[in-house]
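Notes follow the structure.
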Amino acid sequence: MSVVLTPRPGILDITPYVGGKSTLAGEASAIKLSSNESALGPSPRAIEAYKAMSTDLHRYPDGAATALRDALGALHGLAPERIVCGSGSDEIIDLLARAYAGPGDEVLYSAHGFLMYALAARGVGATPVAAPERNLTADVDALLAQVSARTRIVFLANPNNPTGTYVAADAVKRLRAELPDRVLLVLDAAYAEFVERPDYDAGVALVDGGENVVMTRTFSKIYSLAGLRLGWAYCPPSVVAVLNRLRGPFNVNTAAQVAGLAALGDRDHLERARRHNEHWLVRLSKRLEQCGLAVTPSVGNFVLVRFAAEPGRDAKTADGFLQKRGIIVRNVDNYGLPDCLRITIGLDHEMAAVGEALEEFTDDTKER
Ligand SMILES: *Cc1c(COP(=O)(O)O)cnc(C)c1O
């Protein structure tokens, strides 16, 4: 006789993560603006390195990702021995949850924060706790107000996905200062390279300031290597020692390591991606505002757009309207934002298409 096995508590409470849609039925060349991948794609040098490693597929990866960590260290001015690489920063988020939280513990994040935090918490049997936001922005006081004796980790996406908003460096510093020392603060800076604000900081100095801050980064966004799964964390020595025990010995595959390394060397490509984003972030935001839509000011490579609540003019209808025109954006219901859609900055013609489509949508629906 067979029985259905019972997993550890928390696991079946997880709503499985659903990524951005990538195809539309009957649409060969859909415009995909649903997963925040960089518009320009990866550096040609990364693609070259990826192809070249195909002759080495029989070899295990360098489990320590030495060349990659050395290059990251040189580029960012960090000690390579304080860097841990992961199969995407999602893996690092998961490892941190496994290392520092468990049943009976609480994992704190802001209400519209990145979904992975709650998933990672539940995955280890911990309780996810969401703090309210102010103007769709993480609120340091609200986060601090939710801290309890059971809080073990605070995850802060800065800038946040899907809102695109950020918390200024002095406020992040105050958050760390006012959190109990026993709470780990994880600064998820997945979009750091896109941010052009003098009061923004990804968090290196805070990591250096003690034993209880970690900064995570990714190659999925501006480097556009999401398919290879590559992320990294800058950590205090005590956290490095923990993550290196917990991670798989070969958690980062060779393709990711060589392509990531090559991508780091192509600063011109990164600069093009940044400039492209800056250009369209402003333009698309303006164009959508001129349509009467509310656009949350974003410093990432995407915008969160709020639609009217009335049936026929709402986000769901807009999503369907865009899909009929072959444009895929992100529905953010599961982030508690049912009135909104998240639109990734894409190529010139894609931005023209989405702008035109939403102009048409708002024009059509205005007349009713
Ligand atoms: C996309 C994203 C990540 C993660 O990406 P990986 O592909 O797992 O490196 C992490 N945090 C935020 C806020 C993101 O939007």
Side-chain angles (χ1 to χ4, degrees), residues 17-20 22 32-39 41-42 46 65 68 72 83-98 107 109-121 123 128 130 133 136-138 153-167 172 185-195 200 202-203 214-234 243 247-248 251-253 255-257 259-260 263-264 273 277 296 298-304 329-330 332 334-335 337 342-345:
Y17 186 89
V18 180
S22 54
K32 183 178 186 290
L33 304 173
S34 57
S35 295
N36 296 350
E37 298 128 336
S38 168
L68 180 63
L72 283 167
I83 294 171
V84 178
C85 295
S87 177
S89 44
D90 281 356
E91 187 195 17
I92 294 176
I93 292 166
D94 229 28
L95 291 172
L96 290 168
R98 279 173 62 197
V107 170
Y109 51 90
S110 74
H112 303 296
F114 188 46
L115 271 182
M116 268 303 295
Y117 311 145
L119 299 189
E133 298 188 353
L136 294 177
T137 308
I153 308 176
V154 175
F155 282 106
L156 179 68
N158 200 28
N160 185 51
N161 167 22
T163 54
T165 56
Y166 74 106
V167 180
V172 179
L185 174 62
V186 180
L187 300 173
D188 176 349
Y191 300 93
E193 294 86 352
F194 289 110
V195 186
Y200 172 76
V214 167
M215 171 187 73
T216 64
R217 305 288 286 262
T218 183
F219 280 79
S220 298
K221 304 293 157 58
I222 203 160
Y223 290 105
S224 213
L225 294 172
L228 286 177
R229 314 304 301 129
L230 182 60
W232 55 283
Y234 179 57
L243 293 182
R247 68 178 176 85
N251 62 328
V252 180
N253 68 75
Q257 291 187 37
L264 286 179
N277 191 64
T296 302
S298 170
V299 294
N301 68 334
F302 55 91
V303 288
L304 186 74
V329 300
R330 185 61 160 262
V332 280
N334 50 356
Y335 280 97
L337 296 165
R342 190 194 69 194
I343 306 173
T344 303
I345 299 301

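The analysis underlying the following values was restricted to heavy atoms, covering all of them including side chains, and did not include hydrogens, waters or symmetry mates. Numbering of residues begins at 1 and proceeds along the displayed sequence. In each ligand, atom 1 is the first atom listed, and ligand 1 is the first ligand listed.
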Problem set entry | Within-4.5 Å side-chain heavy-atom neighbours: L68 and C85 | yes

Problem set entry | Minimum side-chain heavy-atom gap V299-T165 below 4.5 Å | no

For this session: May I ask which of F114, Y191, F302, W232 has a heavy atom nearer to atom 15 (O) of ligand 1 than the others do?
Result: Y191

Exercise. Which atoms of ligand 1 are found less than 4.0 Å from any heavy atom of K221?
Worked result: 1 (C), 2 (C), 3 (C), 4 (C), 14 (C), 15 (O)

For this session: Find out whether Y191 and T218 are in side-chain contact, i.e. whether some heavy atom of one side chain is under 4.5 Å from a heavy atom of the other.
Result: no

For this session: Quick one: look up the protein heavy atom nearest atom 9 (O) of ligand 1 and list residue, atom name and how far away it is.
Result: T218 OG1, 2.5 Å

Exercise. Does K221 reach the side chain of S38, with side-chain heavy atoms less than 4.5 Å apart?
Worked result: no

Problem set entry | Aromatic ring pairing Y109/Y117, orientation class (parallel under 30°, perpendicular over 60°, tilted between) | tilted

For this session: Would you check whether S89 has a nitrogen or oxygen atom less than 3.5 angstrom from a nitrogen or oxygen atom of ligand 1?
Result: yes

For this session: Could you list the atoms of ligand 1 found under 4.0 angstrom from a heavy atom of S220?
Result: 6 (P), 7 (O), 9 (O)

Exercise. Do V84 and R247 have side chains that get closer than 4.5 Å, going by heavy atoms?
Worked result: yes

Exercise. So is G231 close enough to ligand 1, meaning a heavy atom under 4.0 angstrom away?
Worked result: no

Exercise. Does E91 come within less than 4.0 Å of ligand 1, judged by its heavy atoms?
Worked result: no

For this session: Please could you name the atoms of ligand 1 that G88 approaches to less than 4.0 Å, counting only its heavy atoms?
Result: 6 (P), 8 (O), 9 (O)

Problem set entry | Pairwise side-chain contact, H112 with V332, heavy-atom cut-off 4.5 Å (strictly under) | no

Exercise. Which of these, N160, L228, N158, D188, has its nearest heavy atom closest to atom 10 (C) of ligand 1?
Worked result: D188

Problem set entry | Under 4.0 Å to a heavy atom of R229 - the qualifying atoms of ligand 1, by number | 6 (P), 7 (O), 8 (O)

Problem set entry | Atoms of ligand 1, numbered as shown, that sit under 4.0 Å from any heavy atom of N161 | 13 (C), 14 (C), 15 (O)

For this session: Flag the pair R217 / Y223 as yes when at least one side-chain heavy-atom distance between them is below 4.5 Å, and no otherwise.
Result: no

